[in-house]
Amino acid sequence: MASTTVYPGSEPARWKYLDRIRTRAGPFTDGDAYDGSMVAEAMENMTVLVIGAGGLGCEILKNLALSGFKNIHVIDMDTIDISNLNRQFLFRAEDVGKYKAEVAARFVEKRVRGVKITPHNKMIQDFDEDFYMQFQLVVCGLDSIEARRWINATLVNMVDEEVEDSYKPLIDGGTEGFKGQSRVIFPTVTSCIECQLDMHAPRAAVPLCTLASIPRQPEHCIEWAHVIAWDAEKPFPSLDKDDPEHITWLFKKALLRAQEFNIPGVTYALTQGVVKNIIPAIAATNSVIAASCCNEALKIASNCAPSLGYPNNNYMMYSGNDSIYTYTFKHEKKDDCPVCGNLARELQVDPAWTLGELVESFATRPEAQLKKPSIRAESKTLYMQSPVSLEEATRPNLDKTLVELGLSDGEEVGVTDPAFATVSFKFKLKFKKTE
Amino acid sequence: MLKIWSMKKEQQKAENAEGAAGGKKKKVTAAQLRVQKDLSELSLGSTMRTEFPDPDNILSFILYVEPDEGMYRGAKFSFTFNITPNFPHEPPKVQCREKIYHPNIDLEGKVCLNILREDWKPVLNLNAVIVGLQFLFLEPNASDPLNKEAAEDLRTNREGFKRNVRVAMGGGSVKGVLFDRVLK
Ligand SMILES: [Zn+2]
């Protein structure tokens, strides 16, 4: 039923339309199971982490605050540069030099009453699992693949099958010029960032023959000056991409070539961009992608509509290069993914076995077939075949039983074997019930 | 929120009729598993060996190197290896425990080896680092120095540098600096 209940901390006018969506059952909500009266309160009690307070991050923070999230943390180690001001709209000229996370947090807090944003002027790698445990949802607006891979691996590794709170959905946005993507990852359940690495293949280089004979675009002329003319004429001993004199030389060369082929569009800024491999950041792309990410966050948090991620589509590609085009599809999880493909498998063992018997059993188990396995638990090195010093130190363990070694039911062990250089196994020990 | 987690739990319960006892179980970390794998593939040969002060902590160990050729032969050097939880996204932290006369190792034991710094990649393994260290003793490199005086010495007067290395390894002093005795 339509109700006009006002929830604590919300200003009726500002939240009126949001509450219509999140408090009423609709065609997309899950029939009887949907209890709209709980949603606003549940969202107010949730803590969301935003990674990155740059072009995407500014949009994401603003959108999440306006979507009814009340507790937000943001991590970004960067400070504000004057070149950010054209699109990172939470920053003003007087903020140049200050921390992005801090300024963005204060700005949004001031504009959206009742939201609390905690900034962290740090790297994501400065925090441990205990820190990440406090969040129910992670939204990434990053420009670095390395940082994405790190947070992805961390969230996948945090999953403890018996603890519901250990599953942190990851919503990831990314943009490059007029293109972008948003995707939702349910760690260990759906395809992860690592499974999707091939979606970030480096852009194909323009074939050298195009540069040499038939340039069609201003970029081709610049690449020609950069790759061919520079090498032929060697105007300076080595190319310094930050030296305006060098860029000017390339720009003039490119311009001459462009005139020869009647190609417009070669400018100094474009020359600099192509040579330094800079892709322009487009404010509109950021806002489209951030909107999509925050839409998913609202859907996941409120269940007001099915989100991306499970069981079907989990990846939305956007392109604004030639008019507007989006394509949403399901990226499949990879069984051999080094991050989410290597989940611990259950292994039935008898706690009265000696470690030696367990080690021998790996040779015959069809799921392992390891001849020279080394085996460790999280805080105990059980048996290592090499190096010599570790083999000697751990050999006495072979005669001890699993119980004597302090292993417990459900504990995880890592098993490696030099014969299988590319794989390592994780097993979860399941103790056989003793009669 | 997150109906999906209840679905996942249902699915797991079906697969595994006996749910394990509660409480968070300790899990092998990605860094540990990777180090375990690297250690089991290590080829140390006759000139190197490892020592683990606490065998249960494989993220911290000592590597002994005893070059059998080149100007550092006859000595025994040791390095501490400390591996962070971010391995292999971060290189291991390696430090020489003795004060030695070497263009690529400074007096505090910091090591200048490209793959321990800017050229580190997660596909590299501990074996690559160990081979790199061994190589530093066979071919000290004057072009990328940490100890600038030693590098200058090597570049301008190779024979004099060799003599200074012998003096330093014997525990003598070179250019007013006293070195640790590392000769066996
Ligand atoms: Zn994966």
Side-chain angles (χ1 to χ4, degrees), chain A residues 30 33 42-43 46 125 128 136 146 149-150 153 157 160-164 166-167 169 186 188-189 300-303 309-311 339 342 344 346 372 374-381 384-390 393-394 408-418 421 424 426 428 430 433, chain B residues 1-9 11-13 15-16 18-44 48-59 61-64 84-86 88-90 121-123 125-127 130:
Chain A
D30 187 6
M43 284 178 64
M46 244 180 201
Q125 291 89 345
D128 59 10
Q136 282 77 55
E146 286 310 308
R149 291 174 71 177
W150 189 89
N157 206 48
D160 180 334
E161 287 168 359
E162 277 129 41
V163 181
E164 189 171 346
S166 69
Y167 290 91
F186 293 116
T188 73
V189 178
I300 291 171
S302 71
N303 277 327
Y310 188 84
V339 171
N342 189 15
E346 284 188 5
K372 279 191 76 181
S374 291
I375 173 167
R376 283 193 77 259
E378 192 270 334
S379 53
K380 186 145 188 75
T381 303
M384 291 288 290
Q385 305 263 4
S386 77
V388 179
S389 62
L390 267 186
T394 54
S408 61
D409 190 21
E411 191 161 349
E412 209 176 277
V413 294
V415 180
T416 56
D417 188 312
S424 32
K426 285 199 278 189
K428 194 171 178 176
K430 301 299 280 186
K433 290 269 189 306
Chain B
M1 78 162 206
L2 307 181
K3 261 179 306 180
I4 170 171
W5 307 127
S6 37
M7 289 167 72
K8 167 119 183 172
K9 274 169 80 184
Q11 171 198 338
Q12 273 159 358
K13 262 188 208 133
E15 283 171 11
N16 168 26
E18 307 148 43
K24 186 165 163 65
K25 296 293 177 194
K26 282 184 265 177
K27 296 171 80 174
V28 179
T29 68
Q32 287 177 335
L33 194 60
R34 173 58 193 269
V35 171
Q36 178 182 337
K37 183 166 99 69
D38 281 10
L39 287 175
S40 61
E41 290 163 13
L42 225 48
S43 62
L44 294 171
M48 290 183 286
R49 81 187 161 80
T50 56
E51 182 184 302
F52 288 78
D54 173 8
D56 288 333
N57 176 13
I58 57 170
L59 300 186
F61 61 93
I62 301 162
L63 175 79
Y64 293 94
T84 72
N86 283 333
H89 297 286
E90 259 175 33
K121 292 186 208 72
V123 293
N125 57 16
L126 291 177
N127 217 37
I130 284 168

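All values below come from the heavy atoms of this structure, side chains included, with hydrogens, waters and symmetry mates left out. Source: prediction; values computed, not measured. Each chain gets a letter, A, B and so on, in the order its sequence line appears, and its residues count up from 1.
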For B:Leu39, which atoms come within 4.5 Å of any heavy atom of chain A: side chain, backbone, both, or neither?
both
Where is the tightest heavy-atom contact between B:Asn57 and A:Thr381, given as atom of each residue plus distance?
N-OG1, 4.5 Å
State which residues pass salt bridge (Lys or Arg N to Asp or Glu O under 4.0 Å) with B:Asp54; sequence neighbours excluded, sorted by chain then number.
none
Heavy-atom closest pair (A:Gly414 atom, B:Leu33 atom, distance to 0.1 Å) is CA-CD1, 3.5 Å
If you compare all heavy atoms of B:Val28 against all heavy atoms of A:Glu412, which two are closest, and at what distance to 0.1 Å?
N-OE2, 3.3 Å
Within the side chain of B:Gln32, is there an N or O that forms a donor-acceptor pair under 3.5 Å with the backbone of A:Glu378?
yes
Side chains of B:Asp56 and A:Ser379 in contact at under 4.5 Å (non-hydrogen atoms):
no
Can you list everything that forms a salt bridge (Lys or Arg N to Asp or Glu O under 4.0 Å) with A:Arg149? Sequence neighbours excluded, please.
A:Glu146, A:Glu194
Could you grab the distance from atom OG of B:Ser40 to atom CD1 of A:Ile375, nearest 0.5 Å is fine?
12.5 Å
side-chain contact (heavy atoms from CB on, under 4.5 Å) between B:Gln36 and A:Ser374, worked out:
CA-CA 8 Å; B:Gln36 178 182 337; A:Ser374 291; 4.2 Å; yes
Among the listed options A:Met43, A:Gln385, A:Arg376, A:Lys372, the residue most often paired with chain B at heavy-atom distances under 4.5 Å
A:Arg376
Go through the atoms of A:Ala42 and report whether side chain, backbone, both or neither lie under 4.5 Å from a heavy atom of chain B.
neither
